[in-house]
Amino acid sequence: RVQTLVVDGDRVVGVLAKRYGKDVAIRARKGVVLAMGSFAYNNEMVRSNAPRIFGHPAASIEAHDGRAIQIGQALGADTAHMDATEVAFFCDPQLMVRGILVNGRGQRYIPEDTYPGRIGQATLFQQDNQAFLVIDEAAYEEGMNAESSSAQLRAQPTWVAETVEELEAEMGLPHGSLQSTVDLYNRHATEGSDPVLGKKPEWVKPIVGPFAAIDLRGRTGGFTLGGLKTTVDSEVLHVSGAPIPGLFAAGRCTSGVCAGGYASGTSLGDGSFFGRRAGISAAR
Ligand SMILES: Cc1cc2nc3c(=O)[nH]c(=O)nc-3n(C[C@H](O)[C@H](O)[C@H](O)COP(=O)(O)OP(=O)(O)OC[C@H]3O[C@@H](n4cnc5c(N)ncnc54)[C@H](O)[C@@H]3O)c2cc1C
């Protein structure tokens with residue numbers, strides 16, 4: 001495990017590491033490529049830089065302890081987008097698309113057929129982590145029986161009721177809020193459209209009783225997306241703006257393409273695309 005970088009003047013020429021408890025020094029003839037993952041498992045770094053996911057489960061591995069960023073910073077490396085995070089939302093999309101997601105005021109806030117990571121970001125960042133899935137019995141049964149890659153994220157209803165008014169009261173939502181949301185949704189759903197938020201017509205059906213709601217409050221986790229600032233050739237940049245000689249980085253220890261909005265695949269894409277460029281740059 002790498003502990004720190006070794007420099008000769010301003011050039012990175014190796015690493016100090018521990019191998020089974022013993023100290024080892026490794027000389028790098030051409031350069032060092034840092035690819036040690038994010039800081040999702042470093043509570044202090046998360047609290048300081050990405051507090052919105054502090055205390056939430058990290059969708060990551062413990063080796064993502066931020067060390068690559070810290071040993072780069074110790075040499076004056078710059079960072080970017082340290083507050084950016086992916087936010088996983090733990091609910092089966094087969095259920096979500098067949099219902100409506102509402103916040104703590106009983107209002108819809110996102111199309112239910114969008115990428116779940118976007119739902120996670122919208123829920124945690126803009127809705128105070130308050131989310132409920134309102135769904136009718138027929139849609140719930142259909143969703144539970146549908147083929148799913150996220151079947152382990154299926155959930156039992158938290159509340160059931162014969163009318164929306166009763167459901168709203170059981171859930172503790174402001175009186176009339178969920179009723180008006182369902183009324184508006186159903187008014188357009190009878191024509192198979194969702195002009196308010198743009199859910200695709202294939203998922204839009206009026207919600208009719210009996211009604212259920214699944215409590216999705218707190219069902220978010222995530223990992224960090226910010227890190228060392230690099231060039232497109234994966235050179236790590238000093239705060240002065242110049243590359244640090246001999247130091248390269250790729251993957252989640254850098255700030256990659258997905259800092260502005262996460263989608264599955266962008267992490268592995270970042271790692272492989274910029275990892276290759278880091279290797280080429282170091283070899284040159
Ligand atoms: C459950 C789950 C599902 C995911 N699904 C997707 C997906 O569908 N698509 C997608 O693109 N991404 C996905 N991701 C995210 C993606 O897997 C990671 O963001 C990506 O693997 C990060 O790549 P990396 O090279 O930066 O780090 P890693 O692949 O974690 O590699 C870093 C390596 O460095 C090692 N290391 C750490 N510190 C040291 C040290 N000091 N010395 C030596 N070695 C060290 C670690 O042990 C690890 O082997 C998922 C992640 C999780 C947890």
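Atoms within each ligand, like the ligands themselves, are counted from 1 in listed order. Heads up: numbering here begins at 1 and tracks the sequence.
Taking 4.0 Å as the cut-off, G271 does not count as a neighbour of ligand 1 on heavy-atom distance. Under a 4.0 angstrom heavy-atom cut-off, F274 registers as lying outside contact with ligand 1. Residue contacts with ligand 1 include H64, since one of its heavy atoms falls under 4.0 Å from the ligand.
The closest protein non-hydrogen atom to atom 44 (N) of ligand 1 is M36 CG, 4.3 Å. Scanning the protein for heavy atoms near atom 16 (C) of ligand 1, the closest one is S267 CB, 3.8 Å. Scanning the protein heavy atoms around atom 24 (P) of ligand 1, the nearest turns out to be R252 N, 4.1 Å. Among protein heavy atoms, atom 46 (C) of ligand 1 sits closest to A63 CB, 3.6 Å. Summary of contacts: the protein heavy atom closest to atom 40 (C) of ligand 1 is V2 N, 3.6 Å. In terms of protein heavy-atom proximity, atom 14 (N) of ligand 1 is closest to Y262 OH, 4.2 Å. Scanning all protein heavy atoms for the shortest distance to atom 32 (C) of ligand 1 gives A35 O, 3.2 Å. Of all protein heavy atoms, the one closest to atom 7 (C) of ligand 1 is G265 N, 4.1 Å.
Taking the six-membered ring for Trp and thresholds of 30 and 60 degrees, Y262 and F223 have ring planes more than 60 degrees apart, a perpendicular arrangement.
Distance remark: protein heavy atom not present below 4.0 angstrom from atom 2 (C) of ligand 1. Using a 4.0 Å threshold on non-hydrogen atoms, atom 49 (O) of ligand 1 does not count as touching the protein. Within the 4.0 angstrom cut-off, atom 5 (N) of ligand 1 has no protein heavy-atom neighbours. Inside a 4.0 Å radius of atom 37 (C) of ligand 1 there is at least one protein heavy atom. Using a 4.0 Å threshold on non-hydrogen atoms, atom 9 (N) of ligand 1 counts as touching the protein.
Minimum heavy-atom separation, P93 to P116: CG-CG, 4.0 Å. Contact detail for F90 and L216: the closest heavy-atom pair is O-CD2, 4.4 Å. P243 approaches L237 most closely through the heavy-atom pair N-CD2, 3.7 Å. The heavy-atom pair separating A278 from V33 by the smallest distance is CB-CG1, 3.8 Å. Considering all non-hydrogen atoms of both residues, V12 and G246 come closest at CB-O, 3.8 Å. L101 approaches M96 most closely through the heavy-atom pair CD1-SD, 4.0 Å.
Annotation: side chain of R108 is in contact with side chain of V102 (closest heavy-atom distance under 4.5 Å). In this structure the side chain of L167 reaches within 4.5 angstrom of the side chain of M171, judged on heavy atoms. Within the 4.5 Å cutoff, side-chain heavy atoms of I207 are placed close to those of Y185.
Across the listed options L268, T266, D65, L225, L268 owns the non-hydrogen atom lying nearest to atom 17 (O) of ligand 1. Nearest to atom 51 (C) of ligand 1 by heavy atom, out of A59, S38, G256, is A59.
Within the listing of ligand 1, atoms 15 (C) sit less than 4.0 angstrom from a heavy atom of F223. Within ligand 1, counting atoms from 1 as listed, the ones closer than 4.0 Å to a heavy atom of S60 are 53 (C). Of all atoms in ligand 1, numbered sequentially from 1 with element shown, those under 4.0 Å from a heavy atom of G251 are 26 (O). The distance from ligand 1 to the heavy atoms of I61 drops below 4.0 Å at these ligand atoms: 30 (O).
Here R154 pairs with D92 in a salt bridge; the nearest charged N to carboxylate O distance falls below 4.0 Å. Between R252 and E86, none of the side-chain N atoms (NZ, or NE/NH1/NH2) sits under 4.0 Å from a carboxylate O, so this pair counts as no salt bridge.
For the atom pair CD (E235) and CZ (R277), the distance works out to 10.0 Å, reported to the nearest 0.5 Å.
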### Message
Walk me through whether Q70 and M45 qualify under side chain to side chain contact (heavy atoms under 4.5 Å, CB included).
### Response
CA-CA 10 Å; Q70 290 176 324; M45 284 179 78; 3.6 Å; yes
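Inclusion of R67 in the set of residues having an N or O under 3.5 Å from an N or O of ligand 1 is not warranted.
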